[in-house]
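Some notes on the structure that comes next.
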Amino acid sequence: MIEVDRLCAAYGRRQVLHEVSARFRPGVVTAVVGPNGCGKSTLLKAVVGLCRPSSGQVRLGGAELASLSSREAAQRVAYLPQSRNIPDITALRMVLHGRFAHLSYPRRYRPEDYACAQRALEWVGAGELAPRLLKGLSGGQRQKVYIAMTLAQDTPAVLMDEPTTYLDVRGQLEVLRLSRRLARMGKAVVLVLHDLGSALEWADELLVLREGRAVAAGTPGEAVRSGELERTFRISLHAADTSQGRRYFCGFPEGEGPGS
């Protein structure tokens, strides 16, 4: 369980998050949605200790983040940032970085670490990339490697900031399906997503941010019924029942269509 209580965070003098409270529960996929600049990435960084809150608390598994060492925090939550460096190493070596939190100093990889890294690559459908250099991979292939590195960290909670970036449509669906598999394993899964349709379809719960404040939280249906998604994004939402369940479609509000 990740608990965020009245969290405030700032960059310089600019306040980004304003008393945000949220609960990210085991076995649940939570999508964090909102317009650009509303604080989604800042929230994830605050949860993993990369952005120091100006007030409020973050608790990981009942322990205050401020009381944990960086290694202890890394054993409780894994984080995939929005952008990453591309070092001149193989895919397998990159994924092995996810095992750092489980190694004592000096860091020497054990056979079980190599097995975990290879297993993580295979989980994301990239097992064959293990010996290849990162710099020679496509953007989509690299994204799978980074996701595998996050999974190799083997934590109760997984946070991913825009994990479908650089992926084609099938790759995006594979990542979203993977998030559901992780939740079924009992992990708390938090995704920052820009595709509202995907968030409504794949997430168990939504956290809606607007101008640094949490304006709605709950199931996709509850978020839709609240009207906050339409107000936050200034769109209209339409639902259709299909053979695969309810689907939502986004459009302009009346009078703002393509012909306006």
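In summary, E174 and R170 engage in a salt bridge, as defined by a charged side-chain N under 4.0 Å from a carboxylate O. Salt-bridge annotation for R110 and E112: present, with a side-chain N of the basic residue lying under 4.0 Å from a carboxylate O of the acidic one.
Residue-environment remark: CD (Q141) exceeds the threshold of 12 foreign heavy atoms within 6.0 Å.
Side-chain contact check for L173 versus E201: every heavy-atom pair is 4.5 Å or farther apart. Under the 4.5 Å side-chain criterion, counting only non-hydrogen atoms from C-beta, L103 is in contact with Y109. In this structure, T150 and Y79 have side chains that are not in contact, with every pair of non-hydrogen atoms separated by 4.5 Å or more. A heavy-atom distance below 4.5 Å is not found between the side chains of M160 and V190. At a threshold of 4.5 Å between non-hydrogen side-chain atoms, the residues L182 and W123 count as touching. Side-chain atoms of L178 and I147, non-hydrogen and from C-beta on, do get closer than 4.5 Å to each other. The shortest side-chain heavy-atom distance between V58 and L7 falls under the 4.5 Å cut-off.
Of all non-hydrogen atoms in P26 and G186, the two that sit nearest each other are CB-O, 3.3 Å. Shortest non-hydrogen contact noted between A188 and F24 is CB-O, 3.8 Å.
A side-chain donor from one of Q143 and R84 sits under 3.5 Å from a side-chain acceptor of the other. Between the side chains of R210 and T232, at least one donor-acceptor pair of N or O atoms lies under 3.5 Å. Counted by atom type alone, R59 and Q57 present one or more donor-acceptor pairs between their side chains at under 3.5 Å. Side-chain N/O atoms of Q82 and S41 include a donor and acceptor closer than 3.5 Å. Under 3.5 Å, the side chains of E162 and H194 contain a donor-acceptor pair of N or O atoms.
Two different hydrophobic clusters hold L68 and M1 under the rule that ILVMFWY side chains link at heavy-atom gaps under 4.5 Å.
Checked against salt bridge (Lys or Arg N to Asp or Glu O under 4.0 Å), R180 has the following partners two or more places apart in sequence or in another chain: D204. The ring-ring contact (aromatic ring centres under 6.0 Å, His included) search around H97 returns F100, not counting sequence neighbours. A search for side-chain hydrogen bond (donor to acceptor under 3.5 Å, both in side chains) contacts involving R23 returns nothing, not counting sequence neighbours.
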(request) Please test L209 against V32 for side chain to side chain contact (heavy atoms under 4.5 Å, CB included), starting from the C-alpha separation and ending with a verdict. (result) CA-CA 7 Å; L209 298 184; V32 182; 4.0 Å; yes
(message) Between L134 and T90, is the side chain to side chain contact (heavy atoms under 4.5 Å, CB included) condition met? List the steps.
(response) CA-CA 6 Å; L134 274 182; T90 65; over 6 Å; no
